[in-house]
Protein chains: 2
Amino acid sequence: METKPKILLIGPGGVGTIVAYGIYYVGKADISIVVRRDYEKVKENGYNINSCDYGEIKNWKPDNIFPNVEAAASYGPFDFIVVATKNLPDIIKVEDLIEPVVSEHTSVALFQNGFDLGRPLIAKYPGHVIISGVSHIGSHNFHGEIHQTQQDKSFVSYFENSTVSKEVNEAKTKEFIALYSNEKNNCTYFPDGKWNRYKKLVYNASFNTICTLTGVDTGRLELSGGIDTIVLPAMREIIAIAKADGCELSDDAINSAIHSDDGDYFRPSMLVDADKGNPIELEVILGNLLRVANELGVAAPTLNVIYNLLKVVQFRLKEANGIEKVPKERPINDKYWK
Amino acid sequence: METKPKILLIGPGGVGTIVAYGIYYVGKADISIVVRRDYEKVKENGYNINSCDYGEIKNWKPDNIFPNVEAAASYGPFDFIVVATKNLPDIIKVEDLIEPVVSEHTSVALFQNGFDLGRPLIAKYPGHVIISGVSHIGSHNFHGEIHQTQQDKSFVSYFENSTVSKEVNEAKTKEFIALYSNEKNNCTYFPDGKWNRYKKLVYNASFNTICTLTGVDTGRLELSGGIDTIVLPAMREIIAIAKADGCELSDDAINSAIHSDDGDYFRPSMLVDADKGNPIELEVILGNLLRVANELGVAAPTLNVIYNLLKVVQFRLKEANGIEKVPKERPINDKYWK
């Protein structure tokens, strides 16, 4: 009897649940999920999915539902771990989160925002394939009610990884795609994952961050003149870093990023997170980029100021979530500043 | 019969009302005020002042109360116009506001935050002395109830002005001080007004602006590491601009600015304005400074990014106050961005 490969998905939000359902729909893998928030509800009733790809599905349950990663471990070993959580390494590191479920032959697929996400995983798990999923989807999860409004379109690649041969990286990535791609979604193998992540950063590291600091949507950012004064300088720095890193973006990269919300007063995800009082994906969107810029010796003065300002915003958001503590009396710092 | 000089004060907020009362207390001038908000109430009942300088005063009224500048004009000519409003030249320019009450021999005293405030007034009113009042006071006005908690300490100078001789500038400034200084307040003639404004900017153009963008008080800015990463670079740029402009600040300027809130989680005035949804004094605090930096060829990369971000914040605040209009449908801008 042939056994199906086992997949564990962590982070069943709007994106993650549709990825899990897509795998379930293909039917070639055993799909388990870790549900932290809403575990009792989902364990009992499953998900109600209203999907532009798959239609109306009531009380869907994957093969297994676990309340946390530790509980999932006994069901392993897993062939693939799919991580679709927010990526907040300054709060919880993906490589630590998944530790209980990484076995000798486990590959890890990161369906997450950000840049250079593979690095800490490759360092901690040499010899493991780390897959990159860049998702373009509109989907939200309200306590087990999934509302998907835009097709699940994704570009799947692998993170550059000197501890694994190109052949194995490619084979495992395509094996994952075969378990996930179906006639409803649009999942494409994309050879140059790094280039693709840089392309997405042209928008995410500029609009996302600048809208968060200023509290406006992308339309108001344009109407206020902020595209010329801040967005463009930031985008040019991103493109210069990409170029120094061997990724040449087309002349049109800036233009298409700026026009991508045409007609919409769009509030990017980082601004939405901050508005909700949640921590922001600052480190993976901007911190990792600036780390690479620094390694390559590329100046990024605009992005650096934006990053340092957002670090303070992140501190405020962490304090609001009980992650940072501030003493009741402000301590006096005797340092002589100069 | 000797007639008293006439003074008109515009902007009787926490600071302005105490300045007006100080002049009234001295008794050598005829003091009128323009009250826009709360005119009916103040006209009827005057001010109730609870002052650390002057004690408890009920129903105080100056010599005249006018509902607007135009109404005051017929009572002129005025020897001095004191302006103690918020200084928001991107919304209303002081030189336009006071136009109805500037007569041939009127001097203007600006008790306002910011830098290089004299320039537009000197351009519009050559030959008039423009006095600079830098106030250190804790005082608030809640609809006619004045609560002053910190002594009215002010440094009074004149703005550099090539259209008036040094002698006249000095004489008029001292004449004003004689009408205002008394044994309760602490009003000092300060010869180098520009230097003093630069000194205040070391704090105001850095802490004020950065706290506004990040939404934290100065204590949290320190605890989050923001002083090292943003405040210090900004302060060093301010000091470099001052130096190029002939104003040498001491080695201790940065240290004392950073330690000035020691022990307090202090929310600077610009952050308080933004929190209340009011427009911010961005142009006079940072815009004017960067204009001078530009004229002098001094690079200020950190301050420029902060300024451009805050311009977008100001747009948002103006929209909230009905000063900027945003079309219901986001217009599509066909521009090719590159």
Side-chain angles (χ1 to χ4, degrees), chain A residues 210-211 213-235 251-259 261-266 301-302 304-316 318-319 324 326-327 329-338, chain B residues 210-211 213-235 251-259 261-266 301-302 304-316 318-319 324 326-327 329-338:
Chain A
I210 292 163
C211 288
L213 276 172
T214 56
V216 300
D217 55 66
T218 55
R220 284 172 172 81
L221 192 55
E222 181 172 336
L223 292 169
S224 67
I227 290 189
D228 278 304
T229 58
I230 340 173
V231 173
L232 280 176
M235 285 185 171
D251 285 349
D252 200 46
I254 285 178
N255 189 52
S256 28
I258 292 180
H259 280 297
D261 301 328
D262 265 1
D264 288 334
Y265 290 108
F266 183 72
T302 307
N304 264 298
V305 175
I306 291 170
Y307 173 72
N308 288 323
L309 289 166
L310 283 173
K311 287 264 283 185
V312 179
V313 172
Q314 180 79 323
F315 180 92
R316 168 167 60 78
K318 285 183 184 173
E319 186 194 355
E324 288 281 358
V326 169
E329 300 280 317
R330 178 178 171 190
I332 290 180
N333 182 344
D334 282 335
K335 180 169 166 183
Y336 186 88
W337 306 83
K338 60 183 175 176
Chain B
I210 292 163
C211 289
L213 275 172
T214 57
V216 300
D217 55 66
T218 55
R220 285 172 171 81
L221 191 55
E222 180 172 337
L223 292 168
S224 67
I227 289 189
D228 278 304
T229 58
I230 342 171
V231 173
L232 280 177
M235 285 185 172
D251 285 351
D252 199 46
I254 286 178
N255 189 52
S256 30
I258 292 180
H259 281 298
D261 302 329
D262 265 2
D264 288 334
Y265 291 108
F266 182 72
T302 307
N304 264 298
V305 175
I306 291 170
Y307 174 71
N308 288 324
L309 289 166
L310 284 173
K311 286 265 281 185
V312 179
V313 172
Q314 180 79 322
F315 180 91
R316 168 167 61 77
K318 284 183 184 174
E319 187 194 354
E324 287 281 359
V326 169
E329 300 281 316
R330 178 178 171 189
I332 290 181
N333 181 345
D334 282 336
K335 179 170 167 182
Y336 185 88
W337 305 83
K338 60 184 175 179

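Chain A is the first sequence line, chain B the second, and so forth, proteins listed ahead of strands; every chain is numbered from 1.
- Counting heavy-atom pairs closer than 4.5 Å to chain B, the top-ranked of the candidates A:I227, A:I210, A:V313, A:I230 is A:I230.
- Note: B:D228 leads B:N304, B:D228, B:D217 in heavy-atom pairs under 4.5 Å with chain A.
- Of the two parts of B:D261, the backbone and the side chain both hold a non-hydrogen atom closer than 4.5 Å to a non-hydrogen atom of chain A.
- Residue B:L223 comes nearest to A:P331 through the heavy atom pair CD2-CG, 4.3 Å, listed as atom of the first residue, atom of the second, then distance.
- Neither the backbone nor the side chain of A:Q314 comes within less than 4.5 Å of any heavy atom of chain B.
- For chain B, the option among A:D251, A:I306, A:L221, A:D252 with the highest count of heavy-atom pairs below 4.5 Å is A:D252.
- Among A:V312, A:L310, A:L309, the single residue meeting the side chain to side chain contact (heavy atoms under 4.5 Å, CB included) criterion with B:L213 is A:L309.
- Most heavy-atom pairs under 4.5 Å with chain A, from the set B:V231, B:D264, B:T302: that is B:D264.
- Interface remark: B:P327 contributes backbone and side-chain atoms alike to the contact with chain A (heavy atom separation under 4.5 Å).
- In terms of heavy-atom proximity, B:N333 sits nearest to A:E222 at CB-OE2, 2.7 Å.
- The two residues B:W337 and A:N255 have their closest heavy-atom pair at N-OD1, 3.0 Å.
- Not a single donor-acceptor pair under 3.5 Å links the side chain of B:R220 to the backbone N or O of A:R316.
- Under a cut-off of 6.0 angstrom, the local environment of NZ in B:K318 is crowded, with over 12 non-hydrogen atoms contributed by other residues, nucleotides or ligands.
- Heavy atoms of B:E324 lying under 4.5 Å from chain A are absent altogether.
- Residues A:L232 and B:K338 approach most closely at CD2-O, 3.9 Å, considering heavy atoms.
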